[in-house]
Amino acid sequence: MSFPLLTATAALPAIGAIATAAVPATRRTAAKWLALLVSLGTLVLAGIVFARFEPGGDRYQLTESHAWIRDFGVRYELGADGIGVALIALTALLIPFVILAGWHDADPSPSSQLRSSRGGPNETSSSRWRPTQGFFALILMVEAMVILSFEATDVFLFYILFEAMLIPMYFLIGGFGDRAHSGSDENAAAQRSYAAVKFLLYNLAGGLIMLAAVIGLYVVAGSFSLSEIAEARANGSLEMATSTERWLFLGFFFAFAVKAPLWPLHTWLPNAMGESTTPVAVLITAVVDKVGTFAMLRFCLQLFPEASKWATPVILVLALISIVYGALLAVGQRDIKRLIAYASISHFGFIVLGIFAMTSQGQSGATLYMVNHGLSTAALMLVAGFLITRRGSRLISDYGGVQKVAPVLAGTFLIGGLATLSLPGLAPFVSEFLVLVGAFSAYPVAGIIATVGIVLAALYVLVLYQRTMTGPVREGIGGMPDLKARELAVAVPLIALLIFLGVFPKPLTDVVNPAVQHTMQDVQKKDPQPEVEAAK
């Protein structure tokens with residue numbers, strides 16, 4: 001039997017999470033290094049997956065299939081297509097940076113250490129619990145579940161992972177909040193708890209509706225296997241009534257739209273990102289939320305092609321509202337992290353627009369957008385987190401003149417912001433351009449409206465930079481240190497990747513494009529041909 005590479009890629013961080021959680025309470029630094037080494041090992045395995053994937057080969061490669069719950073026809077089935085491979089690589093790449101950026105985020109605060117030295121009933125020392133070990137173990141567990149969800153080709157297995165990843169995320173949001181909160185400790189804890197519960201309830205609601213659709217799909221198709229259902233539909237042995245297909249599609253799409261998130265199911269995201277530590281905020285929007293848009297491509301379009309085309313007009317309207325609404329709210333934000341959160345809502349609108357434009361350019365652009373948005377948002381948010389940690393405030397009004405005292409921090413912040421607004425030469429430009437071309441060729445009005453998001457992105461990014469980095473040095477900024485070695489190890493590689501993929505996106509497009517062509521065949525769509533007048 002060949003080596004189960006896909007299983008190993010997800011199993012390593014899962015085993016690493018257990019090992020990290022088991023590190024003795026007094027060995028916090030050892031737990032951090034263990035988590036970092038595990039994440040780097042996972043990155044190596046993901047790199048092997050990327051290298052072994054053959055773009056011109058079968059749709060799903062490195063496949064694994066084993067019986068799991070025989071009585072219900074549930075199998076442990078894995079397979080990687082080009083879209084999944086790209087997102088596995090993104091996830092494995094970002095986690096080491098998340099761990100490095102959050103190196104001190106779960107260390108006991110000075111107040112808790114003081115209470116520990118005094119003892120008593122309010123003691124919160126590591127002798128009673130291990131927040132550092134728990135923090136990094138939860139991150140690794142999320143990584144394992146996300147990677148496995150990109151590999152799952154059994155619908156029920158995917159559903160289990162789709163829901164299970166909510167548990168570690170809930171504890172990361174609710175248990176490890178942002179220390180730069182402007183209110184009291186009690187108020188900060190209350191808002192953190194609210195954000196965590198809201199995140200959980202929204203996603204659980206979407207998951208429960210999806211569960212009903214998963215059961216309905218099994219009743220109709222008699223299988224949870226994605227490949228078996230697709231084959232049955234292709235050869236005509238599975239006939240699904242129009243109304244049934246539409247209801248099942250809506251059940252799946254609702255859950256994915258919550259996870260993505262798409263307007264009007266987006267309201268949990270600004271709260272969750274605002275109250276989380278910065279690395280957890282990156283984990284939410286750059287990694288976990290990609291599961292929603294990925295699943296739209298893998299499950300909605302492949303399992304329910306006719307219903308996907310039927311719902312396209314409404315979904316395009318929701319995507320356009322997300323683009324403009326998210327960008328407008330980003331312009332008006334006073335909180336740095338919430339600004340980036342609303343900008344992400346706008347970007348997810350672009351991704352959904354590209355998916356449901358149902359053109360090869362649009363879907364290739366949407367897939368590249370998932371990867372490039374992950375890189376650009378991680379770069380901007382993590383550098384913003386370094387800035388917030390130094391000042392102890394998330395409010396834009398508390399900053400000014402940073403570039404005069406910390407030029408490297410300001411420079412990396414600027415490049416991350418320029419990538420967010422899709423400046424030509426940086427990776428997000430390629431994906432946003434393809435999405436707009438694909439949307440305009442099929443739905444010209446939608447393509448024109450979407451360009452409003454580009455203008456607004458330039459506005460909120462440049463205004464943010466102007467208010468925080470330029471002008472006179474504000475009180476409390478004068479002694480701000482520049483980026484240190486650990487922080488440079490986070491920011492520089494991300495910026496280098498943004499530049500490299502902006503100039504040379506071919507490594508990604510070669511992997512993604514064949515998978516997109518398979519999806520186009522699923523929905524039986526062809527790219528619109530430009531109308532050319534015959535020469536007289």
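Every value quoted in this text rests on a predicted model; they were computed, and no experiment measured them. Here, residue 1 is the first one in the sequence, and each next residue gets the next number.
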Please tabulate, for the side chains in residues 258-265, all donor-acceptor contacts under 3.5 angstrom to protein atoms that are two or more places apart in sequence or on a different chain.
unit_1 : atom_1 : unit_2 : atom_2 : d
Lys259 : NZ     : Phe162 : O      : 3.3

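- The closest donor-acceptor contact from the side chain of Lys337 to the backbone of Pro270 lies at 3.5 Å or more, if one exists at all.
- In this structure, the side chains of Ile83 and Arg298 stay at 4.5 Å or more apart for every pair of heavy atoms.
- Enclosure of atom CZ in Phe171 is not indicated, since only 12 or fewer non-hydrogen atoms of other residues, nucleotides or ligands lie within 6.0 angstrom.
- For the residue pair Thr377 / Thr285, no side-chain donor-acceptor distance below 3.5 Å is found, with atom types taken as modelled.
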Assess the residue pair Ile495 and Ile499 against the criterion (side chain to side chain contact (heavy atoms under 4.5 Å, CB included)); give the C-alpha distance rounded to whole Å, side-chain angles, the decisive distance to 0.1 Å, and a yes or no. CA-CA 6 Å; Ile495 289 172; Ile499 296 172; 4.0 Å; yes
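- Two residues are said to be in side-chain contact when any heavy atoms from C-beta on lie closer than 4.5 Å; Leu36 and Leu100 meet this criterion.
- Between the side chain of Gln333 and the backbone N or O of Ala330, no donor-acceptor pair lies under 3.5 Å.
- Looking at heavy atoms from C-beta onward, Leu93 lies in side-chain contact with Leu43 at the 4.5 angstrom threshold.
- With sequence neighbours excluded, no residue forms a side chain to side chain donor-acceptor pair (under 3.5 Å) with Thr470.
- Using a 4.5 Å heavy-atom cutoff, the side chains of Pro279 and Asp105 are in contact.
- The side chain to side chain donor-acceptor pair (under 3.5 Å) check on Asp289 picks up nothing, with sequence neighbours excluded.
- Residues that satisfy the side chain to side chain donor-acceptor pair (under 3.5 Å) test with Ser364, not counting sequence neighbours, are Asn513.
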Report the C-alpha distance between Met480 and Leu387 in whole Å, list the side-chain angles of each, state the deciding distance to 0.1 Å, and finish with yes or no for side chain to side chain contact (heavy atoms under 4.5 Å, CB included). CA-CA 9 Å; Met480 179 178 290; Leu387 176 69; 3.8 Å; yes
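- Between the side chain of Lys290 and the backbone N or O of Thr91, no donor-acceptor pair lies under 3.5 Å.
- In this structure, Gln133 and Leu34 have side chains that are not in contact, with every pair of non-hydrogen atoms separated by 4.5 Å or more.
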One pair to check against side chain to side chain contact (heavy atoms under 4.5 Å, CB included): Ile355 and Thr367. What are the steps and the verdict? CA-CA 8 Å; Ile355 292 172; Thr367 305; over 6 Å; no
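- Here the closest non-hydrogen pair linking Met520 and Met358 is CE-O, 3.4 Å.
- The number of heavy atoms from other shown groups lying within 6.0 Å of CZ (Arg334) does not exceed 12.
- Checked by atom type and distance alone, the side chain of Ser322 never pairs as donor or acceptor with a backbone atom of Ile345 at under 3.5 Å.
- Scanning for ring-ring contact (aromatic ring centres under 6.0 Å, His included) contacts around Phe136 gives an empty result, with sequence neighbours left out.
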Please evaluate residues Trp33 and Trp103 with respect to the criterion side chain to side chain contact (heavy atoms under 4.5 Å, CB included), reporting the C-alpha separation (whole Å), side-chain torsions for both, the decisive distance (0.1 Å), and the verdict. CA-CA 9 Å; Trp33 279 106; Trp103 200 252; 3.7 Å; yes
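- Looking only at distances, a side-chain donor or acceptor of Arg390 sits under 3.5 Å from a matching main-chain atom of Asp482.
- Side-chain atoms of Thr312 come within 3.5 Å of backbone atoms of Ser308 as a donor-acceptor pair (strictly under, hydrogens ignored).
- Evaluation of the ring-ring contact (aromatic ring centres under 6.0 Å, His included) rule for Tyr460 yields no partner, not counting sequence neighbours.
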Per-pair distances, 0.1 Å, donor-acceptor, side chain in residues 431-449, under 3.5 Å, sequence neighbours excluded:
unit_1 : atom_1 : unit_2 : atom_2 : d
Ser431 : OG     : Asn372 : ND2    : 3.3
Ser431 : OG     : Pro428 : O      : 2.9
Glu432 : OE1    : Tyr369 : OH     : 2.6
Glu432 : OE1    : Ser422 : OG     : 3.2
Glu432 : OE2    : Ser422 : OG     : 3.4
Ser441 : OG     : Val437 : O      : 3.3
Ser441 : OG     : Gly438 : O      : 2.9

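- Of all heavy-atom pairs spanning Arg467 and Ile396, the tightest one is CB-CG2, 3.7 Å.
- Under a 3.5 Å cut-off, the side chain of Arg391 and the backbone N or O of Tyr399 do not form any donor-acceptor pair.
- Partners of Phe199 under the ring-ring contact (aromatic ring centres under 6.0 Å, His included) rule, at least two apart in sequence or in another chain, are Trp268.
- Phe150 pairs by the ring-ring contact (aromatic ring centres under 6.0 Å, His included) definition with Phe294, not counting sequence neighbours.
- One distance of note links CG of Leu395 with OG1 of Thr468; it measures 12.5 Å at 0.5 Å rounding.
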List the steps and the verdict of ring-ring contact (aromatic ring centres under 6.0 Å, His included) for Phe348 and His266. CA-CA 10 Å; Phe348 276 106; His266 68 283; over 10 Å; no
Side-chain donor/acceptor pairs under 3.5 Å, residues 405-419, sequence neighbours excluded:
unit_1 : atom_1 : unit_2 : atom_2 : d
Thr412 : OG1    : Val408 : O      : 3.1
Thr412 : OG1    : Leu409 : O      : 2.9

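- With rounding to the nearest 0.5 Å, the separation of CG in Leu148 from CD1 in Ile88 is 9.0 Å.
- The distance from atom CG of Leu382 to atom CG of Leu494, rounded to the nearest 0.5 Å, is 6.5 Å.
- Applying the side chain to side chain donor-acceptor pair (under 3.5 Å) rule to Tyr465 yields the partners Gln403; only residues at least two apart in sequence or on another chain are considered.
- Closest heavy-atom contact between Glu151 and Ala10: OE1-CB, 4.3 Å.
- The shortest side-chain heavy-atom distance between Phe299 and Phe253 does not fall under the 4.5 Å cut-off.
- Among pairs with a residue in residues 494-516, those fulfilling salt bridge (Lys or Arg N to Asp or Glu O under 4.0 Å) read Lys506-Asp510, at least two apart in sequence or across chains.
- The minimum heavy-atom distance linking Leu90 with Val371 is given by the pair CD1-O, 3.6 Å.
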For salt bridge (Lys or Arg N to Asp or Glu O under 4.0 Å), just list the numbers for Lys198 and Glu275, CA-CA rounded to whole Å, side-chain angles, deciding distance to a tenth of an Å, and then say yes or no. CA-CA 12 Å; Lys198 188 173 184 179; Glu275 301 305 323; over 6 Å; no
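- When all heavy atoms of Met381 and Ala281 are compared, the closest pair comes out as CE-CB, 4.1 Å.
- Between Ile340 and Ala384, the shortest heavy-atom contact is CD1-CB, 4.2 Å.
- Atoms OH and CD1, on Tyr194 and Ile173 in that order, are 13.0 Å from each other to the nearest 0.5 Å.
- The main-chain N or O of Ala190 is never found under 3.5 Å from a side-chain atom of Ser193 such that the two would form a donor-acceptor pair.
- Side-chain atoms of Met169 and Leu138, non-hydrogen and from C-beta on, never get closer than 4.5 Å to each other.
- Residue Phe429 holds its CZ atom at 10.5 Å from CG of Leu426, rounded to the nearest 0.5 Å.
- Side-chain N or O atoms of Arg474 include one that pairs as donor or acceptor with a backbone N or O of Ser397 at under 3.5 Å.
- Annotation: side chain of Val49 is not in contact with side chain of Leu45 (no heavy-atom distance under 4.5 Å).
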